[in-house]
Amino acid sequence: PTETVSYKDEAGITPDSLLYTIDKAVDNLRILLATNDEKVAEVKTSIAEERLGESEVMTEAGKTELAQKALEDYNKTLTEATEKLQAVLNNIGTTDKETTEDSTSDKLEQSITDLEKAIQEVQAKSLVVLDNLKDVVPKESADDVAKVIEDQTAHKEAVAKFVAERHDFN
């Protein structure tokens, strides 16, 4: 039996709740409190997972418009997370390694490697979820889901390329 891939458990408060505005405000606060680009990417990845879960839950409930909005938010947020990762990777090349202590540099390197893996894992899992969603959404929404799949596939390939280039550089 193959394991079903889903983010429904991440959904929490869904778009059909009166508390949803507060939930999104808390997410924005989490982003504001992130201390650097790396943490922002981490928080945005977590929020993207939540939005994709919300989209699944709303699709199952037959609330197509809310599912679509959550899917758009997922796509936007995961794209922003990958852009932050790219910024972190670009900044590594510009920092003078000799001015940073080796242990700090090693910690940063490990942290960035962990972030790369986390984003790549979310991207891979998300594509499976999106593919499943495409089969259950109403016909008029299938094109939108296909577009999100296309966007996220491109981002996944871009992240894989950064990671490969960075490993080659190191």
Side-chain angles (χ1 to χ4, degrees), residues 2-11 15 24 27-56 58-59 67-97 100 104-137 141-170:
T2 55
E3 181 186 338
T4 304
V5 178
S6 174
Y7 280 104
K8 287 188 278 189
D9 291 344
E10 307 295 326
K24 288 187 81 170
D27 289 341
N28 289 333
L29 183 61
R30 288 174 51 210
I31 294 166
L32 286 173
L33 294 175
T35 52
N36 56 36
D37 282 350
E38 183 186 334
K39 293 289 182 205
V40 170
E42 213 172 277
V43 171
K44 284 184 180 265
T45 300
S46 168
I47 293 169
E49 290 174 322
E50 184 180 341
R51 295 295 171 266
L52 187 56
E54 292 165 3
S55 181
E56 286 181 275
M58 293 295 93
T59 298
Q68 185 60 38
K69 178 69 177 114
L71 191 60
E72 289 167 10
D73 286 349
Y74 153 78
N75 194 29
K76 178 179 172 270
T77 307
L78 192 57
T79 297
E80 291 168 355
T82 57
E83 288 168 353
K84 281 294 178 191
L85 174 62
Q86 191 174 8
V88 168
L89 296 177
N90 289 339
N91 288 338
I92 289 174
T94 59
T95 356
D96 183 9
K97 285 193 174 190
T100 1
T104 307
S105 181
D106 290 346
K107 284 179 188 170
L108 178 64
E109 185 63 35
Q110 184 57 53
S111 182
I112 289 168
T113 300
D114 292 346
L115 180 59
E116 287 171 345
K117 285 180 185 170
I119 287 178
Q120 287 179 309
E121 195 174 296
V122 169
Q123 287 174 321
K125 189 175 171 183
S126 295
L127 288 170
V128 173
V129 171
L130 289 166
D131 201 45
N132 292 338
L133 266 181
K134 187 179 63 174
D135 297 336
V136 297
V137 294
S141 299
D143 288 346
D144 294 329
V145 175
K147 173 76 174 98
V148 173
I149 290 172
E150 188 180 309
D151 287 353
Q152 290 308 319
T153 300
H155 291 301
K156 181 181 177 215
E157 290 166 1
V159 169
K161 186 178 175 197
F162 306 145
V163 171
E165 288 173 357
R166 193 168 82 79
H167 290 290
D168 290 347
F169 179 76
N170 287 342

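Atom-to-atom distance recorded for Glu42:CD and Asp114:CG is 9.0 Å, nearest 0.5 angstrom. Here the CD-CG distance, from Glu83 to Asp37, works out to 11.5 Å after rounding to the nearest 0.5 Å. Between atom NZ of residue Lys147 and atom CD of residue Gln152 there is a gap of 10.0 Å, rounded to the nearest 0.5 Å.
For the pair Ser126 and Tyr74, the tightest heavy-atom approach, listed with the atom from each and the gap, is CB-OH, 3.0 Å. A pairwise comparison of heavy atoms in Ala81 and Thr45 identifies CB-OG1, 3.5 Å as the closest pair. Residues Ser55 and Leu133 approach most closely at OG-CD1, 3.7 Å, considering heavy atoms. Of all the heavy atoms in Ala11 and Glu54, the pair that sits closest is O-OE2, 3.5 Å. Among all heavy-atom pairs drawn from Thr59 and Val137, the shortest one is CG2-CG1, 3.8 Å.
Summarising the local packing, NZ of Lys125 is surrounded by more than 12 heavy atoms from other residues, nucleotides or ligands at distances under 6.0 Å. Heavy-atom contacts from other residues, nucleotides or ligands closer than 6.0 Å to CG of Asp9 number 12 or fewer. The environment of NZ in Lys76 is sparse: at most 12 heavy-atom neighbours from other residues, nucleotides or ligands sit within 6.0 Å.
Salt-bridge annotation for Arg30 and Asp27: present, with a side-chain N of the basic residue lying under 4.0 Å from a carboxylate O of the acidic one. Salt-bridge check for Lys134 with Asp131: passed, with a basic side-chain N closer than 4.0 Å to an acidic carboxylate O.
The shortest side-chain heavy-atom distance between Val40 and Glu80 does not fall under the 4.5 Å cut-off. Counting heavy atoms from C-beta on, the side chains of Met58 and Pro15 come closer than 4.5 Å. Counting heavy atoms from C-beta outward, Glu72 and Gln68 have side chains that approach closer than 4.5 Å. Side-chain contact between Glu56 and Ser6 is present, with at least one heavy-atom pair separated by less than 4.5 Å.
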Exercise. Determine, step by step, whether Asn90 and Gln86 satisfy the side chain to side chain donor-acceptor pair (under 3.5 Å) criterion, reporting the C-alpha distance in whole Å, the side-chain angles of both residues, the deciding distance to 0.1 Å, and the verdict.
Key: CA-CA 6 Å; Asn90 289 339; Gln86 191 174 8; 5.4 Å; no
Quiz item: Yes or no on side chain to side chain contact (heavy atoms under 4.5 Å, CB included) for Thr82 and Gln123, after CA distance, side-chain angles and deciding distance?
Solution: CA-CA 10 Å; Thr82 57; Gln123 287 174 321; 3.2 Å; yes
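Tested against Leu130 for a side chain to side chain contact (heavy atoms under 4.5 Å, CB included), the candidates Asp151, Thr153, Leu52 yield a single pass: Leu52. Among Leu71, Asn75, Asp73, the one residue that satisfies the side chain to side chain contact (heavy atoms under 4.5 Å, CB included) test with Arg51 is Asp73.
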Report all side-chain donor-acceptor pairs from residues 154-163 shorter than 3.5 Å, counting only partners two or more places apart or in another chain.
| from | atom 1 | to | atom 2 | distance (Å) |
| --- | --- | --- | --- | --- |
| His155 | NE2 | Thr79 | OG1 | 3.2 |

